[in-house]
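Structure first, then comments.
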There are 2 protein chains.
Amino acid sequence: MISGEIIKGSLKTIVLKLLKEEGPMHGYAITRKVEELSGGNIKLTYGALYPVLHKLESEGVLVTTSENFNNRTRIYYTLTPKGDKVVIEKIREMTEFIESLQSIINPKPGLSHA
Amino acid sequence: MISGEIIKGSLKTIVLKLLKEEGPMHGYAITRKVEELSGGNIKLTYGALYPVLHKLESEGVLVTTSENFNNRTRIYYTLTPKGDKVVIEKIREMTEFIESLQSIINPKPGLSHA
DNA sequence: TTGCAATATATAAGAAGCTTATATATAAAA
DNA sequence: TTTTATATATAAGCTTCTTATATATTGCAA
């Protein structure tokens, strides 16, 4: 299991990317899918997820639609056109960040002091 | 340039890994090296770096030695044996996290809904 | 010789992001 | 009947980082 501190900052990007790939999802399904895709390594907490979803909604990146399923309310989150653009930018940023991290944690031998 | 939020949680790991690769460094040199290795993408702020260095020192992960260079004090940070172990664990964790992120942001086609 | 950029360390105030604890409610399985 | 899974949500608090500020030396350019 990955310790809490390292996940900071990537939650928004993860959620947006999932909605782009999978289409509209409700909160509970998002946590399950992230757990599945990460092989159990990343476990989202609801205390982190719902505030993020509400914030993204207030920013116009997501819209919600309610649905009743087995007497349980499901709130589906769907990307807006603005959201589609935001995802692309967030993914670009994360990819760049990962590349930078890899330059540091997995430096090419022979460049600095080999 | 990478926005602030995404870097959260990885600063400690970056610093420790640098000290492992480069040997003892002072704070200013750490910021320069990170900028260089990341191609200018990651810029550490001193307000973030020094508190982290001090905390790692108080945890016994680093020790400091002062040196005078051109009438400027340089405080070199060196990994302790405990630090060597912590780096290995941190890098393992970060690698695992990056792999999980990539499963999400770069999903294999043909597995879920292709 | 004055001023600016680079070098070098450091702290305080505050914002942002997350964890933990808590609350509510239904359905299915044990 | 009690636990597990499903489903959403908020509050309190911690950690991490940003921004602003402070101090001081060296070297270069104007």
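We use all heavy atoms of the structure for the numbers below, so side chains are in, but hydrogens, waters and symmetry mates are not. As the structure is a computational prediction, the values presented were derived from the model and not from experiment. Every chain is numbered from 1, with letters handed out A, B, ... down the list of sequences.
Considering only the side chain of B:Y28, C:dT9 comes nearest among D:dT8, C:dT9, C:dA10. The A:A48 side chain lies nearest to C:dC18 when the options are D:dT10, C:dA6, C:dC18. Checking C:dT7, D:dT10, C:dT9 against the side-chain heavy atoms of B:H26 singles out C:dT9 as nearest.
Listed by residue number, B:N70, B:N71, B:R72 are the residues of residues 58-72 of chain B with a heavy-atom contact under 4.0 Å to DNA chain D.
One atom, CG of A:L53, and another, P of C:dG17, lie 14 Å apart when rounded to the nearest Å. One atom, NZ of B:K12, and another, P of D:dC17, lie 8 Å apart when rounded to the nearest Å. Between A:L49 atom CG and C:dA16 atom P the separation is 20 Å, expressed in whole Å.
Looking at residues two or more places apart in sequence or on another chain, you find a side chain to side chain contact (heavy atoms under 4.5 Å, CB included) between B:T31 and B:Y28, B:L44, B:Y46, B:L49. Under the side chain to side chain contact (heavy atoms under 4.5 Å, CB included) criterion, B:I88 pairs with B:K20, sequence neighbours left out. Applying the side chain to side chain contact (heavy atoms under 4.5 Å, CB included) criterion to A:Q102, with sequence neighbours excluded, gives A:I98, B:I98.
Residue-level contact check: B:T45 touches the bases, meaning some heavy atom is under 4.0 Å from a base atom. Using a 4.0 Å heavy-atom criterion, one finds that A:Y76 contacts no nucleic acid atom at all.
Under the 3.5 Å distance criterion, the side-chain polar atoms of B:N106 are left unmatched by any main-chain donor or acceptor of B:S103.
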Show which side-chain atoms of residues 72-80 of chain B pair as donor or acceptor with protein atoms under 3.5 Å away, not counting sequence neighbours.
{"unit_1": "B:R74", "atom_1": "NE", "unit_2": "B:H26", "atom_2": "NE2", "d": "3.4"}
{"unit_1": "B:R74", "atom_1": "NH1", "unit_2": "B:Y76", "atom_2": "OH", "d": "3.3"}
{"unit_1": "B:T80", "atom_1": "OG1", "unit_2": "B:G60", "atom_2": "O", "d": "2.7"}
{"unit_1": "B:T80", "atom_1": "OG1", "unit_2": "B:V61", "atom_2": "O", "d": "3.1"}
{"unit_1": "B:T80", "atom_1": "OG1", "unit_2": "B:K82", "atom_2": "N", "d": "3.4"}
{"unit_1": "B:T80", "atom_1": "OG1", "unit_2": "B:G83", "atom_2": "N", "d": "3.0"}

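Within the 4.0 Å cut-off from OP1 or OP2 of C:dA8, not a single side-chain nitrogen or oxygen of B:R32 is found.
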Output a table of nitrogen or oxygen pairs between the protein and nucleotides 20-23 of chain D separated by less than 3.5 Å.
none

